[in-house]
Amino acid sequence: MSEYQFRETEKKWQAYWEENQVFKAKDDFNQPKYYTLDMFPYPSGAGLHVGHPLGYIASDIVARYKKQQGFNVLHPMGFDSFGLPAEQYAIQTGQHPAITTEQNINRYIEQLKNIGFAYDWEREVRTSDPSFYKWTQWIFSLLFNSWYDLVDNRARHILVLEEHFEKTGNQLVKAASDEEIEHFSAEDWFNYSEEEKQEILLKYRIAYLSEAVVNWCPALGTVLSNDEVKDGYSERGGHPVERKKMMQWSMRISAFADRLLRGLEDLDWPEPVKEMQRNWIGKSVGAQLAFQLVDQEEKIEVFTTRIDTIYGVTFMVLAPEHELVEKITTTEQKQEVEAYVSIAKNRSERERMTEVKRVSGAFTGAYAIHPFTNEKIPVWIGDYVLAGYGTGAVMAVPSDDDRDKAFAEHFNLAIVEVVNEHEKIINSDFLTGLSIKDAQMKAIDFMKDKEIGYAKINYRMRDAIFSRQRYWGEPVPVYFKNDIPYLLEEDQLPLELPEVDKYLPTEDGEPPLARASNWKTNEGYELEKSTMPGWAGSSWYMFRYMDAHNNDAFVDEEKQQYWQNVDLYIGGSEHATGHLLYSRFWTKFLYDLGYVSVDEPFQKMINQGMIQGISEKLLRTKSRTNNIGVAGSKGVQLLDKEEFEFASLDIFSKEDLNGETPQLENYTYVYANINFVKNGVLDVPNFIKEFPEYQNAIFHTKGGYWQNGEYIKTVSDEKDFKTKSEVEKMSKSKYNVVNPDDVIEKYGADTLRLYEMFLGPLEQFKPWNTNGIDGTAKFLKKLWRLFHDTDGNFKVVDAEPDKKALKALHQAIQKAEYDIENFSFNTSVSTFMICVNTLTELKCNNKTVLSDLIRIIAPYAPHICEELWSLLGNEGSVSEGGWPTFNPDFIQEEEHTYPVSVNGKHRDNMTFALDAPKEEIEKAVLANPKVQKWIEDRPIKKMIIVPKKIVNIVV
RNA sequence: GCCGGGAUGGUGAAAUUGGUAGACACGCAAGACUUAAAAUCUUGUGAACAUUAGUUCGUGCGGGUUCAAGUCCCGCUCCUGGCACCA
């Protein structure tokens, strides 16, 4: 009997697809196109785990479905192959990151091919490949050579700006730029030296150099991200971290803020992701005004969204880093202020923002004049005010702002109520009695007249820092002449990563590229030593797939116009504010300069949920040597010959186990490799066989103990050694990674694909659990058997199909279409199961029915369907076999079984013809003895008959 | 703190527009085939009471709207994701 042989069959068809280039996207511009893309992975050393393919399978199903529907489908895969882990590994081992990255990619490709994805592998891209990053550098050059014109609200070439300067200076130009650019005339411009001109232009460029505050760790000689810093110390190594100003490349993304915000409206994206981007961009409409300091020249600029509460301002607060702090602090207050500033400065922004409840601050001794009342109000500093947002100073309105209020209460400052419970302004001179809105308008008019302030829109989004003091990233194609940055010529690109002796910063704190010998241009000018951040390559890669091997352009114009942008993008929502915002920014930029025809990269997006792992922990006595031994890890050598004892979880009472560590102080939790645990019970004999360091360890259970693989009974036969299971993110260090290869080895790729979809809605987070995988494996066997007789011979009959079979089939076709369009893949799998169950019951082996059936299942389980498709006598791939046409006639019902309820409670079912008149139904229902029993003698108040739905009698 | 998403059998889940809650699977139990096991097949499987029909309860908790609520409204609890003193 020939059972379905998934191993041979899957390999066979994977080879067929590759040899015949079945999923090659054609540059046939007359065919309708469909572009579906997965967020490309970072190729980590741990390999692909079962969480990765979830989204990939979903987009693969859509790709195959669209191909069957006649679309020219672009469904590529590539690798985001620059990144920190490879660099860390290189630092530890001295191995070049390019080598480990290449190895990891090869492993990923092998794993991906194993699952049978319909990728056009010819278009694969790698961001770390010089032929790719040549164009990343090229786009950087473009950004460097551009400025943002606020009049036409678009990016333009820098030459246009220079023309303006030559003609009229910078007075008439409205551009996004650094603050504080002095006005100059055309004549001034003419007289400036080359260096002076370049310095000015740099303040307008979209890619520009500026001082930025970073977390500098002198001991590590490197810059750390916010989450690598804890309490002012580096997370790794515990070295002190300073907030330091450094020259950094930045991207003027803030110029695009409003377009990025408005563009969201037309995108078919999950609402939460859009909302996150809106919050990130953080548009606020308000007013900017200045407070004159008493006895000083300077003014304090503030931005407020609540100018209507201006009469409630009783003090001001500056950020500790504010430039005026030093100037205005009085001698009496100096000591206190300096002490406060030095503490506050070195707390990371993240920390300052997290500790909401801890109010702290200091009085500067200075006073400002309230511009409306001319009263003197004190000026404080406090670390709840951030230097990076707005002007770095606030006018405090303790009556209407919680943080100001907490500050005022803590330091005993005045509070004046200015808004009453009816949302009307009170105690506010000429604003009293107005609504909030009217008061805002009137206050702004007042400020304009007196020239003390104006209406302003503020964005929370800051420019993005683009430099990284690292090795494994794209070199920035810039050299320095007299400290002025100049671009490399296009023919010098790609600027390839140099060889270095170590992947660490230099002794004097320069980035690793400074180690390269002769990191200079041919003319001897110094090249930029920092590299680009991880998001550089991923900000434009979606265009590269359209034309992956073009050496003359990042994408051919005509090809881009055909493929437009991504029709369906699938990936995790964790990229909501990073990658998804930056790639929108770059796309808008490229659009402005006419290099692409779309100003959004991803038209529709759906998020897939994370598949979590289940880790298993064992209670083990703590190590004497304080060595953190991990049970189940071969790599960890335990010192001495320690005799460990393990304790089954059920030995301890609930109270003992409360909290992370058991009350029994000698024990600690260690991770166990999940391969040795089944249903929360450890396989002790095999566990110690694999890990000889525990050969003599004692494993206590409720009834006795295990030693040397033997169970010794002391009390009872309760010999199960129980572990503690926990749902956590899949990770190598938790020993809970499930590799898709193992699942495929056991069940086949089709089963894995079906099962991952069957697990539940795509967007949902769920722990991986193979409990139900047999169900999908059985389903495929049943499908196979539909085409075969009991002896395993292929047997399909070419005849007029049975009506019932057609009905089952067309119900499935309808549902399959509906589900794919709605990305409800889990319900599709159920539908296929129902259909196959019905056809099995009907003993259907009709060729027409079965041909259609495998064409709708093919996107989900392509290998088995290819095999059956060819057994049916078809040439070529089922993916070229078209999509069956749904015919509503076949599922037309003539009658419907109505649930009959009395007072909303279901009592019986009755079947009526669809065209049965209401009166007839009414009569029949009332005549039903079961119904009568429930009505008793009570009068009927109402009778509700909803066609094809329900009958309800109200008494 | 703010903004999302969620809570349905022993488990994963379904219920598309307010209309038979638990489809489809897993697991479990019983049975068939088998020397036996695996595989396969059949039957049962929300809970409680009744054990024959049947009745009552049941979608996190408490209210409400409706002939009818998992679905809509109000108030809570818990889980989860994101953001972060945004002036």
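In what follows, every chain begins at residue 1, and chains take the letters A, B, ... in the order their sequences are listed.
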Between [atom2] of [N] and [atom1] of [X], the distance in whole Å:
{"X": "Asp819(A)", "N": "C24(B)", "atom1": "CG", "atom2": "C1'", "result": "12 Å"}
{"X": "Ile950(A)", "N": "A68(B)", "atom1": "CD1", "atom2": "C1'", "result": "6 Å"}
{"X": "Asn952(A)", "N": "G18(B)", "atom1": "CG", "atom2": "C1'", "result": "13 Å"}
{"X": "Asp774(A)", "N": "C24(B)", "atom1": "CG", "atom2": "C1'", "result": "15 Å"}
{"X": "Phe315(A)", "N": "A87(B)", "atom1": "CZ", "atom2": "C1'", "result": "12 Å"}
{"X": "Lys766(A)", "N": "G5(B)", "atom1": "NZ", "atom2": "C1'", "result": "14 Å"}
{"X": "Arg306(A)", "N": "C86(B)", "atom1": "CZ", "atom2": "P", "result": "14 Å"}
{"X": "Leu762(A)", "N": "G5(B)", "atom1": "CG", "atom2": "P", "result": "17 Å"}

Using the [atom1] atom in both, what is the distance from [N] to [M], to the nearest Å?
{"N": "A69(B)", "M": "G58(B)", "atom1": "C1'", "result": "14 Å"}
{"N": "A15(B)", "M": "G19(B)", "atom1": "P", "result": "12 Å"}
{"N": "A47(B)", "M": "U11(B)", "atom1": "P", "result": "12 Å"}

Per the O4'-C1'-N9-C4 / O4'-C1'-N1-C2 angle with a 90° window around 0, G9(B) comes out syn
Identify whether any heavy atom of [X] sits under 4.0 Å from a base atom; if not, whether one sits that close to sugar-phosphate; answer base, sugar-phosphate or nothing.
{"X": "Ile834(A)", "value": "sugar-phosphate"}
{"X": "Phe758(A)", "value": "base"}
{"X": "Asp404(A)", "value": "nothing"}
{"X": "Pro761(A)", "value": "sugar-phosphate"}
{"X": "Tyr818(A)", "value": "base"}

In terms of the angle between their ring planes, are Phe372(A) and Tyr311(A) parallel, tilted or perpendicular, with boundaries placed at 30° and 60°? perpendicular
Tested for ring-ring contact (aromatic ring centres under 6.0 Å, His included) against Tyr4(A), the lone hit among Tyr747(A), Phe787(A), Trp784(A) is Trp784(A)
Do the side-chain N or O atoms of [X] get closer than 4.0 angstrom to the phosphate oxygens (OP1, OP2) of [N]?
{"X": "Asn837(A)", "N": "A25(B)", "answer": "yes"}
{"X": "Lys778(A)", "N": "C26(B)", "answer": "yes"}
{"X": "Arg460(A)", "N": "C83(B)", "answer": "no"}
{"X": "Gln764(A)", "N": "A13(B)", "answer": "yes"}

Set out, in order, the CA-CA distance, both residues' side-chain angles and the distance that settles ring pair (Phe, Tyr, Trp, His ring centres under 6.0 Å) for Trp380(A) and Phe407(A), then state yes or no. CA-CA 10 Å; Trp380(A) 287 67; Phe407(A) 196 87; 5.7 Å; yes
So with a 6.0 Å cut-off around NZ of Lys274(A), is the heavy-atom count from everything else above 12? yes
query = Donor-acceptor pair under 3.5 Å: do we get one between Lys815(A)'s side chain and the base of U16(B)?
reply = yes
* Asked: Ignoring hydrogens and angles, does a donor from either the side chain of Asn771(A) or the base of C26(B) sit under 3.5 Å from an acceptor on the other?
  -> no
Ranking Thr391(A) and Ser901(A) by the position along RNA chain B of their nearest nucleotide, the one closer to 5' is Ser901(A)
Between Thr364(A) and Val379(A) the two heavy atoms that sit nearest each other are OG1-O, 2.6 Å
Next on the checklist: Please evaluate residues Asn952(A) and Ser901(A) with respect to the criterion side-chain hydrogen bond (donor to acceptor under 3.5 Å, both in side chains), reporting the C-alpha separation (whole Å), side-chain torsions for both, the decisive distance (0.1 Å), and the verdict.
Outcome noted: CA-CA 5 Å; Asn952(A) 190 14; Ser901(A) 305; 4.6 Å; no
